[in-house]
Amino acid sequence: ILIMPSSYDAQYRHFVTLQRAGTKLVLFGIPLRAHHLDVVTGDDVHAARLSVKHLLKLGHRRIAFIGRLGRIDTWPASITQEYHYQGYLKALKTAGIKPDPELQKTAFKPYYKTWAVEAREKVRELLESGRKFTAIFAADSWLAMDVYYALKDYGVRVPQDVSLSTVGDGRAQEEFEVPLTTTHQDLYQIGFNAAKQLLCRIEGKNKKVETLLKQTLIVRASTAPVRS
C-alpha cells in the first residue's frame, strides 16, 4: 500500500499494526521518522533553510517565525512544521544570528480552527510586542496567505514593509494577490520513488528506507531587499 498520511498525527499506530501483520506499505509526503516504516518525502528542514536563507541574502536579520509546534491535550501540532522550524533555526545559526524567542509565534491552541484565526492572532502579537522585524517566515504556504491578509488588515505592506516567505508551492501561491516566495517539491519524483520502494518491499528487500528529496526555491513578489 502507498499511503499519504496526515501531518497532524505523530503516532501512526495503525500503520505499524499493518506492517507487523505483513502488509507491505510505504508512506509518502510526510516526514515520519519515529517508526520502522519506509518514508519518501521532501526534505522539509532543507526547504525551510532555503526559504530563510533567501531572506538573509536580501539583508534581513530580524526574521519572525509563524507556525505551530508542540501539543495541547490531544491536539497534535504539525510534524512538517516542526521540521520547518528546525530549518528556520539552522539558517539563522549558520548566519551567526541568535534567534529571538519574541519573534517566534509557535503556540497551537484548540480554538485555531482556521489558518485565518491563527494568523491574525500571531501577527497581532508580533506587532504588539514592540520587537522590530523586517521579514516573516511562515511554516505553511496556506498559513502564509492568511499572514499576508492579517498584515494587510493592520496596514503592513508586503513586501514594502515586511517580506514574507514560506514553503510549499501550488497554483494558489503562484497566483496569490502578492505571489509568494516559497519552495517547490517535485511530486512526480516523490510518487516515483515511493512506488519503487514499495516494489522493493514486495520483492523481499527488508531494509528500511528513508528518502528525502531536495526542494527548489521559487522567488516571487512577496520578498524584497531589507529597507535601510
Side-chain angles (χ1 to χ4, degrees), residues 4-10 28-32 41-55 63-72 75-92 99 103-126 133 135-152 158-159 162-187 190 212-223:
M4 183 176 180
S6 166
S7 65
Y8 292 92
D9 182 0
F28 67 95
I30 298 298
L32 176 67
T41 187
D43 189 335
D44 291 293
V45 175
H46 174 260
R49 291 185 71 175
L50 275 181
S51 193
V52 176
K53 187 177 179 180
H54 170 67
L55 295 172
I63 303 172
F65 174 91
I66 293 182
R68 52 175 66 171
L69 307 176
R71 242 173 219 276
I72 292 182
W75 292 71
S78 168
I79 301 168
T80 303
Q81 290 190 37
E82 293 276 356
Y83 288 115
H84 293 162
Y85 180 63
Q86 292 179 22
Y88 162 82
L89 294 178
K90 287 184 178 181
L92 294 183
L103 294 183
Q104 300 172 31
K105 301 304 174 182
T106 63
F108 182 47
K109 302 175 183 179
Y111 60 80
Y112 287 162
K113 300 298 184 181
T114 66
W115 291 126
V117 172
E118 180 173 353
R120 188 167 189 83
E121 178 169 305
K122 291 180 176 179
V123 167
R124 176 182 56 77
E125 290 175 355
L126 277 175
F133 64 95
I136 296 174
F137 169 69
D140 181 275
S141 59
W142 295 96
L143 172 62
M145 291 190 283
D146 281 312
V147 167
Y148 168 84
Y149 287 129
L151 289 169
K152 185 178 179 180
V158 175
V162 171
S163 284
L164 176 61
S165 73
T166 186
V167 287
D169 194 29
R171 181 171 294 180
Q173 290 72 31
E174 180 181 5
E175 298 178 355
F176 190 55
E177 185 172 324
V178 175
L180 295 175
T181 292
T182 187
T183 59
H184 175 76
Q185 180 66 64
D186 189 334
L187 299 181
I190 287 182
L212 300 180
L213 302 176
K214 299 299 183 183
Q215 301 188 33
T216 56
L217 180 70
I218 306 295
V219 178
R220 297 197 180 107
S222 67
T223 53

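Because the structure is predicted, anything quoted here is derived from the model rather than measured. Numbers here are sequence positions counted from 1.
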From H46 NE2 over to K90 NZ, what is the distance, rounded to the nearest 0.5 angstrom? 11.5 Å
Side-chain contact test, heavy atoms from C-beta onward, threshold under 4.5 Å: evaluate it for T114 versus D146 and give yes or no. no
Between the CG atom in L217 and the CZ atom in R49, the distance rounded to the nearest 0.5 Å is 14.0 Å
Should T183 and T216 count as side-chain neighbours, where that means a heavy-atom distance under 4.5 Å? no
Just to verify, what does K152 make a salt bridge (charged side-chain N to carboxylate O under 4.0 Å, His left out) with, not counting sequence neighbours? E177
Could you pull out all residues at least two apart from T182 that satisfy side-chain hydrogen bond (donor to acceptor under 3.5 Å, both in side chains)? none
Using every non-hydrogen atom in the two residues, find where Q173 and D169 come nearest and quote the distance to one decimal. OE1-C, 3.6 Å
Run the side-chain contact (heavy atoms from CB on, under 4.5 Å) test against A135 and tell me which residues pass, sequence neighbours left out. L55, H60, I63, S163
Checking I190 now: which residues fulfil side-chain contact (heavy atoms from CB on, under 4.5 Å) with it, not counting sequence neighbours? F28, V40, Q185, L187, L213
Who passes side-chain hydrogen bond (donor to acceptor under 3.5 Å, both in side chains) against H184, sequence neighbours left out? none
Under 4.5 Å between any side-chain heavy atoms of D43 and Y83, yes or no? no
What closest approach, in Å, do S141 and L180 show between heavy atoms, and which atom pair accounts for it? O-CD1, 3.9 Å
List in chain and number order the residues that pass side-chain contact (heavy atoms from CB on, under 4.5 Å) with E174, two or more places apart in sequence or in another chain; answer none if no residue qualifies. R220
For S51 and S165, which heavy atoms make the closest approach, and how far apart are they? OG-OG, 3.0 Å
Between V123 and I66 the two heavy atoms that sit nearest each other are CG2-CD1, 4.0 Å
For L103 and Y88, work out which heavy atoms get closest and say how close. O-OH, 4.5 Å
Quick one, F137 and H84 - any side-chain contact, counting heavy atoms below 4.5 Å? yes
Just by distance, do the side chain of Q81 and the backbone of R68 share a donor-acceptor pair under 3.5 Å? yes
Please step through side chain to side chain contact (heavy atoms under 4.5 Å, CB included) for the pair L212 and T41, ending with a clear verdict. CA-CA 5 Å; L212 300 180; T41 187; 3.5 Å; yes
Given 3.5 Å as the limit, does a donor-acceptor pair link the side chain of K122 with the main chain of G67, or not? yes
With a 4.5 Å heavy-atom cut-off, do L151 and I136 have their side chains touching? yes
Are E175 and R171 packed together at the side-chain level, in the sense that at least one heavy-atom pair is separated by less than 4.5 angstrom? yes
Regarding T223 and H54, do their side chains bring together a donor and an acceptor under 3.5 Å, going by distance alone? yes
Sorted by chain and residue number, the side-chain hydrogen bond (donor to acceptor under 3.5 Å, both in side chains) partners of T166 (sequence neighbours excluded) come out as none
Can you list everything that forms a side-chain contact (heavy atoms from CB on, under 4.5 Å) with T106? Sequence neighbours excluded, please. F65, L69, Y85, Q104
Between A150 and A119, the two heavy atoms sitting closest are CB-O, 4.1 Å
